[in-house]
Amino acid sequence: MISKVETVIRQIQEGSEEPVCAYLYDLAGIQEQVRQMLQHMPQHTSLFYAIKANPDPRIIEALLPWVKGFEVASIGELLKVRRISVQVPILFGGPGKKEAELEQALEHRVTLLHVESLLELRRLIAIAKRKKQVASILLRINLRSSTLPRTKIVMGGGPSPFGLDEEWVEQAIQIIREEGAGAVHLRGFHFHSLSNNTDARLHAEMIDLYLNKVKAWQDAYGIQVDVVNAGGGFGVTYDGSPGFDWPLFTSLLKQSEARKQLDGVQLYFEPGRILVADHGYYATEVTDIKVSHGEQFAVIRGGTHHNRLPASWGHNHPFHVMATEHWAHSYARPEVKQSEVHIVGELCTPKDRMHSNAEVELLRVGDIVVFEKSGAYCWTISHHDFLGHPHPAFHYLTEGNDHVNSDEAFQSASR
Ligand SMILES: *Cc1c(COP(=O)(O)O)cnc(C)c1O
C-alpha cells in the first residue's frame, strides 16, 4: 500500500516547483476496509458513516455503495450527503438543533432524527404538526452507568450536553404519547458514549448494556421499538499498539444474549474514525532544519493548521520519511542524521508541532515527511486559514491505481 501512496506523492513532487503539501486519500482502501468489516457483521446490523470524521465529498461518494447510510450533525453535513444522493438514509443527531434545522431535516427526508432533549422533542412535535409530517425519531440516551469504558473522549456516563439522562426516558415517552401522536414515531434509542475505544470486549459489553436497557424500557413502558443505534467510537491507535479488533467484537456480538432478547430489532453502528483514519496521508516537505539550544527542529511546509489532531490530542503523529536525492543549490543542505528531531509546522506558535523527539535515520531539507493515519479528524478539525498559508492539495487513489487530483474531485462532488 505504502508504495502506491509514495508513487503518487513522487508524482506530486515532480509536477510542481513548490514544496510538497498534500493530502492523499486512498478511496479504494476505505472501500476495501468497509467490505471486510461488513463480512464479519451479524444479521440485522448495519453500518452508517459519521461524516464529521471526514466529510470530503469523494469519501462520501466512495462509501455510498457500501454503507447503509450516513450520520450527520448539521444542515451543512446533511446537504453534503444530499448533493451526492437524494435518497440514501440519513441519521441526524447533535445537540441544540434549531427550528430551521428540524424543518429542513424533515424537508430533506431524514430517516431518523436523534432527539437530544425534552425541549427538542417538543420543538419537533410542534414543527411536525405544522408541516403535517410524521418525524421518525430515536431518543438519544446518556446512561447513568459508571460501567461505561473510559477513553480519551467520553460522551456519556456522566454530566454531558449530549442526549437525555436515562431518568428522563419515562417523561419523554409520556410526551410522545400525550403530545406527539401523529407527529413523532418513536423508532428506538440512540447511544454514543465514547470515542476512540480500542477494547473490543469492553465495547461488546457496553452494547449489551445498551440492549438490556432498551429491553427494560420496552417492558416497563409498554413500547415496541425496532432500531437501536449504538453509535461509533471504535478506536484507532497512533502509537503502533494494536487497534480495535473488529472480528472479535463482531463475534461477541453474534453470541450476545442481550441481542437475542431483542429479536427483530435492527442494530445500527455509525462509526467515523475507524472507517477512514488509516486511509489518509498528509505529505509535507521539509523546508528548514536547524539547531536551537541543543535540540534539532525540522520545519515542514504545513503543520497543525492542516492537521490539528496531534496538537488536539497531544500525541506524536506517526510518519515515515520519503528521501529526495535532488538538491539544486550551491549552498549546503541541512540534515539530521541518526538523531532526534522535533517535527514542527510553519505557524508562529509553539503548539504547531507534529512530532516531538522523533528518531530519524536521516532527514534532510527537501525530503518528504508522510504522516500516516491522517484520514479522520485531521483536515476537518483544523484552523485552515490561521496565518494565511496556502491550503494543501487534495489527491485521491481510486481502484485500479489511477489517481485524481482535487480539481477533478471538485467537479465530481458538485455533479
Ligand atoms: C462523532 C460521532 C460519531 C463517530 O464517532 P467515531 O469516534 O469517529 O467513530 C458517531 N455518532 C455520534 C453521535 C458522534 O457524535
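Contact between Asn357 and Glu340 at its shortest, heavy atoms only, is ND2-OE1, 3.0 Å. Residues Glu103 and Lys131 approach most closely at O-CE, 4.0 Å, considering heavy atoms. Taking every heavy atom of both residues into account, Leu113 and Ala105 meet most closely at CD2-CB, 4.3 Å. Residue Asp352 comes nearest to Gly302 through the heavy atom pair OD2-O, 4.3 Å, listed as atom of the first residue, atom of the second, then distance.
Within the 4.5 Å cutoff, the side chain of His395 has no heavy atoms near those of the Tyr23 side chain. Counting heavy atoms from C-beta on, the side chains of Leu267 and His44 never come closer than 4.5 Å. Side-chain atoms of His315 and His355, non-hydrogen and from C-beta on, never get closer than 4.5 Å to each other. The shortest side-chain heavy-atom distance between Leu64 and Phe70 falls under the 4.5 Å cut-off.
Under the side-chain hydrogen bond (donor to acceptor under 3.5 Å, both in side chains) criterion, His326 pairs with no residue, sequence neighbours left out. In this structure Arg109 satisfies the salt bridge (charged side-chain N to carboxylate O under 4.0 Å, His left out) test with no other residue, sequence neighbours excluded. Residues meeting the side-chain hydrogen bond (donor to acceptor under 3.5 Å, both in side chains) test with Arg201, sequence neighbours left out: none. Legend: residues meeting salt bridge (charged side-chain N to carboxylate O under 4.0 Å, His left out) with Asp199, ordered by chain and number and at least two apart, are absent. Residues forming a salt bridge (charged side-chain N to carboxylate O under 4.0 Å, His left out) with Glu359 (at least two apart in sequence, or on another chain): none. Applying the ring pair (Phe, Tyr, Trp, His ring centres under 6.0 Å) criterion to His190, with sequence neighbours excluded, gives His114. Annotation: salt bridge (charged side-chain N to carboxylate O under 4.0 Å, His left out) contacts of Glu361 (sequence neighbours excluded): none.
Residue pairs that meet the salt bridge (charged side-chain N to carboxylate O under 4.0 Å, His left out) test with at least one member in residues 302-327, sequence neighbours left out, are Glu325-Arg364. For the salt bridge (charged side-chain N to carboxylate O under 4.0 Å, His left out) condition, the pairs that include at least one residue of residues 32-49, sequence neighbours left out, are Glu32-Arg35.
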Show me the donor-acceptor pairs, under 3.5 Å and distance only, between side chains in residues 383-392 and residues at least two apart or in other chains.
from	atom 1	to	atom 2	distance (Å)
His384	NE2	Trp379	O	2.6
His384	NE2	Ser382	O	3.3
Asp385	OD1	His391	NE2	2.7
His389	NE2	Glu346	O	3.4

Identify each donor-acceptor pair in which a side-chain atom of residues 289-298 lies under 3.5 Å from a protein atom, sequence neighbours left out, and give them as a table.
from	atom 1	to	atom 2	distance (Å)
Glu295	OE1	His342	NE2	2.5
Gln296	NE2	Ser339	OG	2.8

Identify every side-chain donor-acceptor pair in residues 241-254 under 3.5 Å, counting partners at least two apart or on other chains, and give the distances.
from	atom 1	to	atom 2	distance (Å)
Ser241	OG	Asp239	OD1	2.6
Asp245	OD1	Leu248	N	3.1
Trp246	NE1	Met37	O	3.0
Thr250	OG1	Trp246	O	2.8
Thr250	OG1	Pro247	O	3.1
Ser251	OG	Leu248	O	2.9
Lys254	NZ	His40	O	3.0

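Side-chain N/O atoms of His306 and Tyr282 include a donor and acceptor closer than 3.5 Å. Side chains of Asn54 and Tyr377: no donor on one and acceptor on the other come within 3.5 Å. Residues Asp56 and Tyr396 have side chains that bring a donor and an acceptor to within less than 3.5 angstrom of each other. One side chain, Asn229 or Glu270, offers a donor N or O that lies under 3.5 Å from an acceptor on the other. Checking Asp208 against Ser256 by side-chain atom types alone, a donor-acceptor pair falls below 3.5 Å. Side-chain atoms of Arg82 and Ser85 include no donor-acceptor pair closer than 3.5 Å. Side-chain contact check for Glu101 and Ser74: no donor-acceptor pair (N or O, by modelled atom type) lies under 3.5 Å.
Taking CG from Leu363 and CD1 from Ile368, the interatomic distance works out to 11.0 Å, rounded to the nearest 0.5 Å. The CG atom of Leu275 sits 5.5 Å away from atom CG of Leu47, with the distance rounded to the nearest 0.5 Å. Note that CD of Glu14 is 11.0 Å distant from CD1 of Ile12, once rounded to the nearest 0.5 Å.
Each of Phe189, Tyr210, Trp168 was scored for a ring pair (Phe, Tyr, Trp, His ring centres under 6.0 Å) with Trp217, with one residue passing: Phe189.
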| Should Leu106 and Val110 be marked as a side chain to side chain contact (heavy atoms under 4.5 Å, CB included) after you check the CA-CA gap, both sets of side-chain angles, and the distance that decides it? | CA-CA 6 Å; Leu106 294 180; Val110 155; over 6 Å; no
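Applying the 6.0 Å contact sphere to CD of Gln43 captures no more than 12 heavy atoms from other residues, nucleotides or ligands.
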